[in-house]
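Accompanying notes for the structure given below.
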Protein chains: 2
Amino acid sequence: MSDDLTEMLAPEEKPEEKKDVTDLLLHDILTGTLPAGTWLKQIDLERRYDCTRPEVRRALDRLSQRRLVQHNPNRGYQVYELDDQRTREISDIRVILETGVADRMIANVTPAAIAELRGLARHFDEMSFRGSIMEHYDANLAFHRALLMLAGNSELVEVVAEIRQRTVSAPVSQWRTRARIEQSAREHHLMVDALEARDLPELKRLIEIHIRQAPIKA
Amino acid sequence: MSDDLTEMLAPEEKPEEKKDVTDLLLHDILTGTLPAGTWLKQIDLERRYDCTRPEVRRALDRLSQRRLVQHNPNRGYQVYELDDQRTREISDIRVILETGVADRMIANVTPAAIAELRGLARHFDEMSFRGSIMEHYDANLAFHRALLMLAGNSELVEVVAEIRQRTVSAPVSQWRTRARIEQSAREHHLMVDALEARDLPELKRLIEIHIRQAPIKA
DNA sequence: GTAACCAGAATTGGTGCCAATTTACGATAA
DNA sequence: TTATCGTAAATTGGCACCAATTCTGGTTAC
């Protein structure tokens with residue numbers, strides 16, 4: 001594995017854009033552009049994202065607080081290497097939270113919400129074929145965010161988004177298999193179906209399957 | 001409300017101690033020493049905790065990431081003022097999570113764990129009478145941490161600890177009423193009882209009541 | 001008397017530099 | 001030839017200074 005970050009990906013230069021460095025770095029970690037274990041040298045990040053040293057430091061500190069990168073004092077930062085147990089634990093938390101509010105999602109669902117979710121699910125389908133890995137990832141995020149919003153608890157949406165960011169680095173690589181992507185796309189539509197039919201047990205079952213990335217048994 | 005932080009509390013000077021500034025500031029916010037809305041001027045914090053400017057800035061940035069302090073660009077940081085809706089939403093999340101793993105807690109419970117929990121519950125009782133507000137707060141934290149540990153999901157323990165920190169500033173002030181404190185202490189013991197009896201519905205009921213700080217109906 | 005405006009003070013936030021620690025490399029000795 | 005030690009390079013992390021923005025108080029105009 002190469003230690004030099006600059007050669008791994010040259011981000012397209014957009015002079016007018018002024019995004020936060022933390023988000024850029026986060027994205028590159030989540031999409032697997034910076035694989036687990038990579039050393040994040042401050043000098044490299046500075047050049048890579050065309051930003052200053054303090055910005056790099058703040059980004060690294062923030063991501064190490066979220067346990068996405070590991071901080072070795074006086075040695076440096078590296079992308080966190082997550083073990084299977086933590087992955088399973090985080091999935092468990094997500095299952096508990098998201099199935100736990102399934103009843104509220106059904107209670108609050110409206111035809112307009114159904115239409116919006118169908119649109120987002122289709123957008124995910126689209127991105128599966130034609131989009132980049134980032135657009136694909138974002139489309140998935142948008143769908144799940146909209147779905148959770150139905151529970152009427154905006155704090156929950158944030159918490160889940162935060163938790164999800166702790167474990168996607170591994171699954172995102174699994175996404176490279178076309179079969180898994182298409183299965184996810186199907187599951188999205190099935191979840192909307194269950195919502196529309198107000199079928200609580202089925203919705204819960206789908207959510208759990210979807211989070212655990214288990215083979216679907218329809 | 002005074003704007004000058006230095007006059008609010010003089011922390012005892014311990015020269016040999018070298019704790020993290022973030023923790024110190026966090027503690028002062030959670031215990032209500034720095035009430036909601038207080039402006040956290042960097043120069044004041046620098047003097048208050050006897051640390052450097054970068055340390056203060058890192059602490060403020062970290063706590064603003066956790067949404068414990070609000071960052072107004074070019075204006076400053078202030079202790080977050082949380083509204084009732086957010087408090088309710090956060091409580092909902094905690095109820096879902098902690099009742100969601102109640103079955104696992106019962107499944108994993110051992111006599112040794114029961115003994116440990118009883119000890120921690122008694123320690124909380126003790127601190128209610130003789131401890132400072134901080135010791136009291138820490139005793140409560142220790143009990144709930146040990147309780148959650150039974151679920152066998154260490155990631156969950158961290159997540160709950162994190163989201164708990166988003167809402168305690170208000171309840172901590174409610175703790176000043178002796179009645180509420182004694183009720184909390186009783187609930188701790190009742191939860192251990194339910195655990196020992198392996199009574200799942202009762203345990204769930206107690207957890208929900210305890211989190212929502214509702215009047216107990218035994 | 002009140003409102004708008006302008007100057008001075010204070011605070012935030014960014015930039016650059018330097019010390020401390022660690023790593024890598026090469027020389028020396030067994 | 002190999003292991004060990006020592007020096008040099010590189011990286012991290014802290015510190016001090018300075019620019020930019022905002023707030024405060026007083027003055028002027030209406």
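Atom set for the values below is all heavy atoms of this structure, side chains included, hydrogens, waters and symmetry mates excluded. Numbered from 1 within each chain, the chains take letters A, B, ... in sequence-line order.
Of the N and O atoms on the side chains of Gln85(B) and Glu89(B), at least one donor lies less than 3.5 Å from an acceptor on the other residue.
Under the 4.5 Å side-chain criterion, counting only non-hydrogen atoms from C-beta, Tyr49(B) is in contact with Val21(B).
Atoms CZ (Arg53(B)) and C1' (dC17(C)) sit 18 Å apart, rounded to a whole Å. As rounded to whole Å, 13 Å separates atom P of dC17(D) from atom CD of Glu46(B). Put simply, NZ on Lys41(B) is 11 Å from P on dA10(C), counting in whole angstrom units. Atom CD in Gln78(B) sits roughly 12 Å away from atom P in dT12(C) (whole-Å rounding). Per the geometry, CD belonging to Gln42(B) stands 14 Å off C1' belonging to dT22(D), to the nearest Å. One atom, CG of Asp61(B), and another, P of dG13(C), lie 10 Å apart when rounded to the nearest Å. The separation between Asn74(B) atom CG and dA19(D) atom P is 17 Å, rounded to whole Å. In this structure, Arg75(A) places its CZ atom 12 Å from C1' of dT11(D), rounding to the nearest Å.
With a 6.0 Å radius and a threshold of 12 heavy atoms from other residues, nucleotides or ligands, Asn72(A) has its CG atom above the threshold.
The shortest non-hydrogen separation linking His136(B) to Ser128(B) is NE2-OG, 3.6 Å.
Among dG14(C), dG13(D), dT22(C), the nucleotide with an atom closest to any side-chain atom of Arg58(A) is dG14(C). Closest to the Thr52(B) side chain, of the nucleotides dT22(D), dC15(D), dG13(C), is dC15(D).
The base of dG14(C) lies close enough to the side chain of Arg57(B) for a donor and an acceptor atom to sit less than 3.5 Å apart.
Each of Pro73(A) and Asn72(B) has a nearest nucleotide on DNA chain C; the 5'-most of these lies closest to Asn72(B).
The side chain of His71(A) places an N or O atom within less than 4.0 Å of a non-bridging phosphate oxygen (OP1 or OP2) of dG13(D).
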